[in-house]
Amino acid sequence: MNESTYRQQPVSFVRRGSRLQGRRQKAWEEHSERYLLEVPRLVADTSVHPDYRFDAAKVFGRSAELVVEVGSGLGEAIVHAASTQPDRDFLAVEVYLPGLAQTIQRAAAQELSNLRVVQANAPEVLSSMIPAGSISEVWTFFPDPWPKSKHEKRRLVTVSFAELVATSLAPGGLWRLATDWEHYAEQMLEVGSNSSLRNVHPDWAPRFEGRVITSFENKAQLAGREIHDLTFQKELPTK
């Protein structure tokens with residue numbers, strides 16, 4: 001079996017350099033045992049075996065709301081959130097080893113206990129690894145826009161991904177998105193509006209105050225690109 005035989009859709013990422021150096025290497029060696037989730041694989045090193053289940057209460061040693069960031073990058077947003085919201089638990093999902101190492105370095109510097117990271121393909125995390133209905137919020141901030149039309153099929157935010165998010169969210173849970181690419185923003189709006197989730201706002205959401213301005217977002221603003229936020233919610237069951 002190879003990767004193409006078990007993934008029905010193209011992944012939303014292309015693997016880049018994975019070498020660790022300097023402080024990232026040191027952080028990985030000293031703190032990955034505490035912060036990194038070691039998950040069983042199926043084929044690729046970013047796959048998740050479908051029989052594996054993430055037990056948040058066991059991992060964090062308590063029962064608390066769980067926030068999952070899909071594509072956590074260098075960890076700026078999720079580490080800031082974990083440090084300012086100690087009553088919630090956070091899971092950073094990322095495929096790039098340097099980004100994971102940087103996130104671990106940031107978390108260790110603040111001695112955070114409510115954050116873990118996993119190197120995995122996000123759809124597999126949401127479809128099988130995390131129990132349905134157990135996530136308070138899913139964050140998808142500035143996913144790779146794949147701006148060329150021939151590459152749009154690689155975009156993460158699709159109808160099928162939206163339904164994975166909807167299934168993973170607890171009733172009343174939120175899916176927060178942000179992008180600095182106009183065309184992708186329109187696609188996100190269309191996808192979310194036609195999913196089983198409800199758009200919390202008539203169209204665009206105000207900027208999510210809980211999202212710290214990362215170096216990536218700052219570069220987008222300096223380049224003159226408008227930031228679009230969206231918030232979709234899983235409906236509460238009717239009585």
Any sub-3.5 Å donor-acceptor pair from [X]'s side-chain atoms to [Y]'s backbone N or O?
X: Lys234; Y: Ala166; answer: yes
X: Ser193; Y: Glu190; answer: no
X: Glu76; Y: Ser215; answer: yes
X: Ser32; Y: Glu29; answer: no

Are the side chains of [Y] and [X] in contact, using a 4.5 Å heavy-atom criterion?
X: Pro171; Y: Glu235; value: no
X: His49; Y: Ser128; value: no
X: Asn194; Y: Val159; value: no
X: Phe216; Y: Asn218; value: no
X: Thr179; Y: Asp229; value: no
X: Arg41; Y: Val39; value: yes
X: Arg106; Y: Leu74; value: yes
X: Asp89; Y: Val67; value: no

Where is the tightest heavy-atom contact between [X] and [Y], given as atom of each residue plus distance?
X: Leu91; Y: Met129; value: CD2-CE, 4.1 Å
X: Ala77; Y: Val212; value: CA-CG1, 3.6 Å
X: Ala120; Y: Val48; value: CB-CG2, 3.7 Å
X: Ala220; Y: Ile227; value: CB-CD1, 4.1 Å
X: Ser113; Y: Phe60; value: O-CD2, 3.8 Å

Just by distance, no angles: are the side chains of [X] and [Y] close enough, under 3.5 Å, to form a donor-acceptor pair?
X: Thr103; Y: Glu94; value: no
X: Ser136; Y: Arg88; value: yes
X: Glu124; Y: Ser47; value: no

Identify whether NZ of Lys or CZ of Arg in [X] sits under 6.0 Å from the centre of the six-membered ring of [Y] and within 45° of that ring's axis.
X: Arg176; Y: Phe141; value: no
X: Arg155; Y: Tyr184; value: yes
X: Arg225; Y: Trp181; value: yes

For the [atom1] atom of [X] and the [atom2] atom of [Y], what is their distance to the nearest 0.5 Å?
X: Asn114; Y: Ser83; atom1: CG; atom2: OG; answer: 8.5 Å
X: Gln105; Y: Gln25; atom1: CD; atom2: CD; answer: 11.5 Å
X: Leu112; Y: Ile104; atom1: CG; atom2: CD1; answer: 12.0 Å

Fill in the blank from the handout: Checking Val93, Leu164, Leu169, Thr167 against Leu126 for side chain to side chain contact (heavy atoms under 4.5 Å, CB included), the one that qualifies is Leu164
Problem - Member of Glu137, Glu69, Gln85 meeting the side chain to side chain contact (heavy atoms under 4.5 Å, CB included) criterion with Phe90 - result: Gln85
Exercise for the section: Give the intermediate values and the outcome of side-chain contact (heavy atoms from CB on, under 4.5 Å) for residues Glu186 and Val191. Expected result: CA-CA 9 Å; Glu186 294 288 350; Val191 165; over 6 Å; no
Handout entry: Flag if over 12 foreign heavy atoms under 6.0 Å of CZ, Arg198
Key = yes
Handout entry: Test: Arg207 and Glu217 ion pair at under 4.0 Å
Key = yes
Exercise for the section: Mind telling me whether Trp175 and Phe232 have parallel, tilted or perpendicular rings, with 30° and 60° as the class edges? Expected result: tilted
